[in-house]
Structures are given as C-alpha cells and as structure tokens.
Amino acid sequence: MRDYKWLHEFCLNRFGSAKALEAMLPQPRSDAELRALSDDRYLSLISLRIFRAGLKHSLVDAKWPAFEQAFFGFDPDKVVLMGAERLENLMQDTRLIRHLGKLKSVPRNAQFILDVRREKGSFGALIADWPVSDIVGLWKYLAKHGSQLGGLSAPRFLRMVGKDTFIPTDDMVAALKAQKVIDKAPTSLKDLAAVQAAFNQWQAESGRPLCQLSVMLAHTVNH
C-alpha cells in the first residue's frame with residue numbers, strides 16, 4: 001500500500017493545481033453541527049437515501065416536498081404511529097414513489113430514532129460521537145438497527161448528513177484493489193477492517209478527513 005504522499009501527488013497531477021483539487025473535495029460537518037441537526041431531519045435524510053436507491057436522484061428529490069407533507073415533516077413521534085392502513089393509503093398517492101417496502105421503512109426508522117433518543121438524548125448525539133476511526137462500525141450499527149440501511153445505504157446516508165466517512169464505490173474498490181488493501185469488494189468483517197485501517201493510516205499521515213481521502217482515492221482509477 002502506497003503512502004499518502006503518492007496519493008496527494010497523483011491528484012495534484014490529475015487536477016493540475018492544489019486549488020483545483022481542494023475545490024472538488026467535500027467537507028464534513030463538525031460534531032457540533034451533527035449534534036444540532038434535529039431528529040426529524042435525520043429521519044428525512046434516512047428516508048431520502050432509501051428512496052433514492054436504484055432511482056434517479058433528481059426524480060426522488062423533486063417529489064420530496066410531498067413526502068415531507070405525507071410524513072408529518074418526518075417528526076418521528078408522529079411517524080411512528082402510522083399504521084398499515086395509513087401506509088396502504090399512501091400507496092394511492094400519485095405524488096409519492098409508491099414502493100410499499102420503502103414506505104414501511106419510514107415508521108420503522110422513526111422507531112429506531114426514538115430508541116436512540118432514549119439512550120443518547122438525540123440521534124445526532126449518536127452520529128456525532130461515533131469515532132471515525134471505526135466508521136465501518138457505525139455502518140454496521142445502522143444496518144443492524146435501522147430498516148433498509150444495508151449495503152452502501154448507511155455510508156451514503158452518512159455522507160448526505162455530513163458525517164465523515166469513506167464510501168466503497170466501484171472506483172474506490174478498484175483503487176483499493178490496486179493498492180493491495182483488498183482483493184474484492186469489502187463485505188466481510190476482515191476486509192472492512194483492512195479498509196478502515198488503510199484509511200486510518202492515510203488520515204494520520206495527511207490530517208485530512210476520510211471523505212476527502214475517499215474522493216481522492218477514487219480519482220486514481222483511470223476511466
């Protein structure tokens with residue numbers, strides 16, 4: 001595995017200047033910002049991620065104001081009370097994306113958020129306090145306790161809310177294979193641990209957040 005210096009030099013050459021490189025890199029939210037984000041916004045973003053999966057994002061985003069209305073502004077205390085009959089009625093609402101499995105995930109994730117609130121005080125506290133040195137642990141926690149948050153949904157949701165994370169996209173997996181960190185898409189605990197360790201090393205060397213390292217690494221793949 002090459003060190004961060006190689007990664008930085010590669011990306012500088014690809015983008016032509018440090019200014020151009022920095023302009024395309026994401027910035028994570030601070031712990032204080034993550035903690036301040038309300039539970040209804042977390043539920044909205046979890047749901048948005050789930051409905052975006054497999055669909056054109058712009059299509060889902062255009063319908064999202066109707067989802068906000070249909071789900072009471074994603075207030076988890078209200079959404080958790082939505083029963084099967086209410087969800088069946090939403091299947092007739094042409095303003096929405098009528099996917100029953102995804103619709104059912106919303107009250108289930110409302111319950112998840114309320115469970116976390118009872119334990120941590122807020123869902124934002126869980127997200128903010130989780131150490132990025134074990135971000136794959138947060139992915140697994142979300143997938144285990146939430147609804148429809150497996151695969152890439154957990155890391156993509158975290159990127160949406162601004163929690164620092166890498167995302168094992170096809171390009172990033174190809175880059176990690178080239179660096180001999182893994183030899184296949186990281187789904188096993190062993191492979192995920194190897195990827196986390198590699199990112200922890202690059203972060204220690206560079207001081208950069210994981211999300212920036214993730215994007216830089218993906219750009220080392222030739223198209």
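Scope of the values below: all heavy atoms of this structure, side chains included, with no hydrogens, waters or symmetry mates. From a predicted model like this one, the values you see are computed outputs, not experimental measurements.
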Self-check item: Verdict with reasoning, I97 to F67, per side-chain contact (heavy atoms from CB on, under 4.5 Å)
Solution: CA-CA 9 Å; I97 295 164; F67 274 87; 4.0 Å; yes
Quiz item: Can you list the steps and then say if L103 with F71 is a side-chain contact (heavy atoms from CB on, under 4.5 Å)?
Solution: CA-CA 10 Å; L103 289 170; F71 285 99; 3.8 Å; yes
Exercise. Under the side-chain contact (heavy atoms from CB on, under 4.5 Å) rule, what do S153 and Q148 come out as? Steps first, then yes or no, please.
Key: CA-CA 8 Å; S153 286; Q148 298 209 21; over 6 Å; no
Exercise. Output, in order, the C-alpha distance, side-chain angles, deciding distance and verdict of side-chain contact (heavy atoms from CB on, under 4.5 Å) for Y141 and L126.
Key: CA-CA 10 Å; Y141 183 91; L126 169 75; 3.7 Å; yes
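Taking both residues in full, the closest heavy atoms of P65 and D61 are given as CD-O, 3.7 Å, listed atom of the first, atom of the second, then distance. Nearest heavy atoms, C211 versus D164: N-OD1, 2.7 Å. Closest approach of I182 and A194 over heavy atoms only: CG2-CB, 4.5 Å. The minimum heavy-atom distance linking D77 with V80 is given by the pair O-CG1, 3.5 Å. Looking at every heavy atom in both residues, V173 comes nearest to P186 through CG2-CD, 3.8 Å. Nearest approach of A70 to M82, heavy atoms of both residues: O-CE, 4.0 Å.
There is no side-chain donor-acceptor pair under 3.5 Å between D171 and T169. Remark: the Q196 side chain and the N200 side chain contain an N/O donor-acceptor pair separated by less than 3.5 Å.
A heavy-atom distance below 4.5 Å is found between the side chains of R117 and D39. At a threshold of 4.5 Å between non-hydrogen side-chain atoms, the residues S44 and E68 count as touching. E205 places a side-chain heavy atom less than 4.5 Å from the side chain of D3. Proximity of W6 to T220: side-chain heavy atoms (C-beta onward) are separated by under 4.5 Å at one or more points. Residues R2 and L7 are not in side-chain contact: their nearest non-hydrogen atoms beyond the backbone lie 4.5 Å or more apart. Counting only heavy atoms from C-beta outward, the side chains of F72 and L81 never approach each other to under 4.5 Å. With contacts defined as side-chain heavy-atom distances shorter than 4.5 Å, the pair P107/R86 does not qualify. Residues R14 and L21 form no side-chain contact, since every pair of their non-hydrogen atoms from C-beta on lies 4.5 Å or further apart.
For Y4, the ring-ring contact (aromatic ring centres under 6.0 Å, His included) partners two or more places apart in sequence, or in a different chain, are H8. Evaluation of the ring-ring contact (aromatic ring centres under 6.0 Å, His included) rule for H57 yields no partner, not counting sequence neighbours. Applying the side-chain contact (heavy atoms from CB on, under 4.5 Å) criterion to E22, with sequence neighbours excluded, gives L25, R208. Listed by chain and number, the residues in a ring-ring contact (aromatic ring centres under 6.0 Å, His included) with F112 are F123 (sequence neighbours excluded). F166 is linked by a ring-ring contact (aromatic ring centres under 6.0 Å, His included) to W139, F199, counting only residues two or more places apart in sequence or in another chain.
The CG atom of L37 lies 4.5 Å from the OH atom of Y42; values are rounded to the nearest 0.5 Å. Taking CD from Q111 and OG from S147, the interatomic distance works out to 12.0 Å, rounded to the nearest 0.5 Å. Here the CD1 atom belonging to I50 is positioned 8.5 Å from the NZ atom belonging to K102, to the nearest 0.5 angstrom. Taking OG from S47 and CZ from R108, the interatomic distance works out to 12.5 Å, rounded to the nearest 0.5 Å. The CD1 atom of I46 sits 5.0 Å away from atom CG of N109, with the distance rounded to the nearest 0.5 Å. Interatomic distance, CZ of F10 versus CG of L217, reported as 10.0 Å (0.5 Å rounding).
Residues I113 and L45 share a single hydrophobic cluster, defined by chaining ILVMFWY side chains whose heavy atoms lie under 4.5 Å apart. Residues L48 and L43 fall within the same hydrophobic cluster, defined by Ile, Leu, Val, Met, Phe, Trp and Tyr side chains chained together at heavy-atom separations under 4.5 Å. No single ILVMFWY cluster, assembled from side-chain heavy atoms under 4.5 Å apart, contains both V221 and M24. The cluster map of Ile, Leu, Val, Met, Phe, Trp and Tyr, joined by side-chain heavy atoms under 4.5 Å apart, puts L12 and M216 in the same cluster. Hydrophobic clustering keeps F74 apart from L114 (ILVMFWY residues linked when any side-chain heavy atoms are closer than 4.5 Å, directly or through intermediates).
The backbone N or O of P209 sits nowhere less than 3.5 Å from a side-chain atom of Q212 that would complete a donor-acceptor pair. Side-chain atoms of W202 do not come within 3.5 Å of backbone N or O of S206 as any donor-acceptor pair. With hydrogens and angles disregarded, no donor-acceptor distance shorter than 3.5 Å links the side chain of R49 to the backbone of M160.
Listed by first and then second residue, the salt bridge (Lys or Arg N to Asp or Glu O under 4.0 Å) pairs that reach into residues 176-188 are K184-D191, sequence neighbours excluded.
In K63, the NZ atom is crowded: over 12 heavy atoms of neighbouring residues, nucleotides or ligands sit closer than 6.0 Å.
Applying salt bridge (Lys or Arg N to Asp or Glu O under 4.0 Å) to D129 and the options K163, R35, K120 leaves one that passes, R35. L210 pairs with exactly one of V132, I167, L158, V215 by the side-chain contact (heavy atoms from CB on, under 4.5 Å) rule, that one being V132.
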